[in-house]
K.L.:
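Here it is, the structure, as structure tokens.
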Amino acid sequence: MNYKDGFMGSVGNTPLIRLKGISEETGCEIFGKAEFLNPSGSVKDRAAKAIVLAAEASGDLGPGGTVVEGTAGNTGIGLAHVCNARGYRCIIVIPETQSPEKLDLLRALGAEVRPVPAVPYKDPNNFQKIAGRLANEMDNTIWANQFDNLANREIHLQTTGPEIWRDTEGTIDAFVSASGTGGTIAGTSTFLKSKNPKVLTVLADPTGTATWHYVKHGEVKVVGGGSISEGIGSSRITANLAGASIDDAEMIPDQECVDMVYRLLYEEGLFLGSSSGINVAAAVRVATELGPNHTIVTILCDSGSRYQSRLFNPNWLREKGLETPATRSLNI
Ligand code: PMP
């Protein structure tokens with residue numbers, strides 16, 4: 001029989017999808033690793049699973065325990081699923097400014113959502129610090145702490161990297177990835193370079209991050225204004241990102257990301273979120289710089305369905321000064 005063992009057994013082993021239009025245009029083979037096909041719909045299923053399994057193995061999390069995290073994003077969604085699958089309570093602490101859809105989704109998944117006032121990271125009442133304190137005060141409870149918990153990058157070293165190496169039969173020339181916690185790019189790059197130090201590893205950043213300047217010039221410095229992208233872009237070097245061997249970085253402006261997201265939808269039939277748009281746009285830049293006959297892999301992080309009211313809402317984009325093929329053709 002061929003089957004996956006429950007939710008946990010269904011995480012990972014995602015296919016590489018050849019992106020036909022941009023491969024033909026650049027003369028390279030450009031592949032997107034379909035992380036949106038993970039069981040809760042994003043690349044973060046890997047980290048959510050790994051963090052919980054590591055806590056079980058260390059004895060920090062026992063039967064009937066609780067997992068606390070500060071995020072309304074894909075990690076929160078992944079953890080809510082993993083907690084159901086393993087019999088844990090899941091508490092998500094988030095700033096009350098988050099959209100009602102995100103709160104509703106987490107609640108529908110069975111997580112306990114605790115909205116708190118939105119204050120900056122340096123404030124002791126920042127949502128992430130509240131999550132850490134809450135976990136500390138409760139028995140049999142862990143703080144997932146995705147940014148600095150190294151189980152996150154370790155799972156990409158153990159799974160994402162080897163899967164890419166296997167599926168490209170070792171022919172990969174460049175790996176391109178965005179970074180939120182840094183787990184995906186750090187773990188995957190470390191593995192690929194251990195197999196072949198010549199694999200070029202490239203960070204794909206939105207505008208307004210500090211990591212692009214860090215990779216380019218070695219100094220943590222925010223460059224560019226804010227971005228509509230979600231889940232990626234960092235103003236600090238997390239424990240997961242620290243020490244990663246990243247050769248280069250591309251900064252992708254929002255319009256380039258939006259253009260790629262719509263191109264992927266209309267040309268390839270792939271409905272994807274903004275971080276996938278940034279990844280693929282950066283992969284095209286890398287392909288152009290390397291020239292034809294190279295194999296480039298990037299990550300298709302999550303589905304466009306998570307962004308229907310924004311990235312796929314031409315009015316919302318218009319308010320941000322961004323065009324879509326539809327608004328361009330109307331010429332308004
Ligand atoms: N894309 C999306 C949509 C995400 O939510 C995240 C994680 N926040 C990433 C990309 C980046 O993954 P990582 O945390 O492994 O850097």
Side-chain angles (χ1 to χ4, degrees), residues 11-12 14 32-38 40-51 69-81 92 94 98 102 105-106 128 144-161 164 175-191 201-206 209-212 214-215 227-242 244 246 249 252 257 260-261 264 271-283 298-308 310-311:
V11 175
T14 52
K33 189 159 172 60
E35 291 298 296
F36 62 96
L37 294 178
N38 276 306
S40 95
S42 88
V43 64
K44 297 305 304 200
D45 282 10
R46 294 184 194 255
K49 174 182 165 180
I51 286 169
E69 184 60 315
T71 171
N74 283 322
T75 303
I77 294 168
L79 284 171
H81 281 84
I92 303 291
I94 57 168
Q98 293 286 320
K102 286 189 177 173
L105 174 59
L106 287 166
Q128 286 180 39
N145 189 16
Q146 59 166 335
F147 289 94
D148 299 310
N149 183 335
L150 298 181
N152 173 1
R153 79 171 179 206
E154 185 61 28
I155 195 67
H156 291 285
L157 196 151
Q158 282 173 12
T159 64
T160 318
I164 292 172
F175 174 65
V176 180
S177 174
S179 173
T181 62
T184 307
I185 189 166
T188 308
S189 297
T190 302
F191 179 83
T201 55
V202 183
L203 169 71
D205 252 355
T209 71
T211 39
W212 177 85
Y214 175 70
V215 171
S227 162
I228 61 152
S229 62
E230 294 179 44
I232 56 168
S234 182
S235 57
R236 73 177 175 105
I237 307 304
T238 61
N240 276 297
L241 192 61
I246 302 172
I252 308 293
C257 164
M260 187 54 78
V261 163
L264 288 165
F271 185 40
L272 300 164
S274 51
S275 65
S276 304
I278 284 183
N279 274 343
V280 179
T298 191
I299 304 285
L300 307 178
C301 312
D302 66 357
S303 157
S305 57
R306 297 234 154 114
Y307 309 93
Q308 238 152 320
R310 295 170 160 219
L311 189 56

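Counting starts at 1 for both ligands and their atoms, in listed order.
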K.L.:
Mind listing the closest non-hydrogen atom pair of Phe147 and Asn240 along with its distance?
P.N.:
O-ND2, 2.8 Å
K.L.:
Here's a test for you: under side-chain hydrogen bond (donor to acceptor under 3.5 Å, both in side chains), which of Glu35, Arg306, Gln146 qualifies with Asn74?
P.N.:
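The single option meeting the side-chain hydrogen bond (donor to acceptor under 3.5 Å, both in side chains) with Asn74 is Arg306.
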K.L.:
With heavy-atom distances below 4.0 Å as the criterion, list the atoms of ligand 1 near Asn74.
P.N.:
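So the answer, numbered in order with elements, is 2 (C), 3 (C), 4 (C), 5 (O).
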K.L.:
Compute the shortest N/O to N/O distance between Cys301 and ligand 1 and return yes if it is under 3.5 Å, no if not.
P.N.:
no
K.L.:
Can you establish whether the number of heavy atoms outside Tyr214 located under 6.0 Å from its atom OH is more than 12?
P.N.:
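Open.
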K.L.:
Under 4.0 Å, counting heavy atoms only: does Ser42 come that close to any atom of ligand 1?
P.N.:
no
K.L.:
Indicate yes or no: does an N/O atom of Tyr307 lie under 3.5 Å from an N/O atom of ligand 1?
P.N.:
no
K.L.:
Is there side-chain contact between Thr159 and Lys49, with heavy atoms separated by less than 4.5 Å?
P.N.:
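No; the side chains remain at least 4.5 Å from each other.
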K.L.:
Against heavy atoms of Ser179, which atoms of ligand 1 measure under 4.0 Å?
P.N.:
16 (O)
K.L.:
Please list, in number order, the atoms of ligand 1 under 4.0 Å from a heavy atom of Ile232.
P.N.:
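Matching atoms, with element in brackets: 1 (N), 9 (C), 10 (C), 11 (C).
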K.L.:
Show which atoms of ligand 1 fall inside a sub-4.0 Å distance from at least one heavy-atom site of Gly180.
P.N.:
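Selected atoms, number and element: 11 (C), 13 (P), 14 (O), 16 (O).
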K.L.:
Give the minimum heavy-atom separation between Leu241 and Ile246, together with the two atoms involved.
P.N.:
CD1-CD1, 3.9 Å
K.L.:
Applying a heavy-atom cut-off of 4.0 Å, say which part of Asp302 lies close to ligand 1: side chain, backbone, both or neither.
P.N.:
side chain
K.L.:
Under 4.0 Å from a heavy atom of Thr184: which atoms of ligand 1 are those, numbered in the order shown and with their elements?
P.N.:
12 (O), 13 (P), 15 (O)
K.L.:
Which heavy atom of the protein is the closest neighbour of atom 8 (N) of ligand 1, given with residue, atom name and distance?
P.N.:
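Heavy-atom neighbour on the protein nearest atom 8 (N) of ligand 1: Gly231 O, 2.8 Å.
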K.L.:
Ala186 and Arg153: which non-hydrogen atoms are nearest, and at how many Å?
P.N.:
CB-CD, 4.1 Å
K.L.:
I need the minimum non-hydrogen distance between Thr238 and Thr181, along with the two atoms involved.
P.N.:
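That would be OG1-O, 2.6 Å.
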K.L.:
Could you name the option among Val43, Ile278, Thr181 that has the heavy atom nearest to atom 13 (P) of ligand 1?
P.N.:
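Among Val43, Ile278, Thr181, the closest heavy atom to atom 13 (P) of ligand 1 belongs to Thr181.
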K.L.:
I'd like to know whether Ile228 forms a side-chain contact (heavy atoms from CB on, under 4.5 Å) with Arg310, so could you lay out the CA-CA distance, the side-chain angles of the two residues, the decisive distance to 0.1 Å, and finally the verdict.
P.N.:
CA-CA 9 Å; Ile228 61 152; Arg310 295 170 160 219; over 6 Å; no
K.L.:
State the atoms of ligand 1, each with its element, that fall below the 4.0 Å cut-off from a heavy-atom position in Gly183.
P.N.:
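The list of qualifying atoms is 15 (O), 16 (O).
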K.L.:
Looking only at N/O atoms, are Glu230 and ligand 1 under 3.5 Å apart anywhere?
P.N.:
no
K.L.:
Which heavy-atom pair separates Ile252 from Ile278 by the least distance, and what is that distance?
P.N.:
CG1-O, 3.8 Å
K.L.:
Show the nearest heavy-atom pair for residues Ile185 and Ser189, with the distance to one decimal.
P.N.:
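Result for this residue pair: O-OG, 2.7 Å.
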K.L.:
Is the closest N or O pair between Ser275 and ligand 1 shorter than 3.5 Å?
P.N.:
yes
K.L.:
Counting only heavy atoms closer than 4.0 Å, does ligand 1 sit against the backbone of Gln146, its side chain, both, or neither?
P.N.:
neither
K.L.:
When you measure from the heavy atoms of Phe36 to every atom of ligand 1, does any distance fall below 4.0 Å?
P.N.:
no
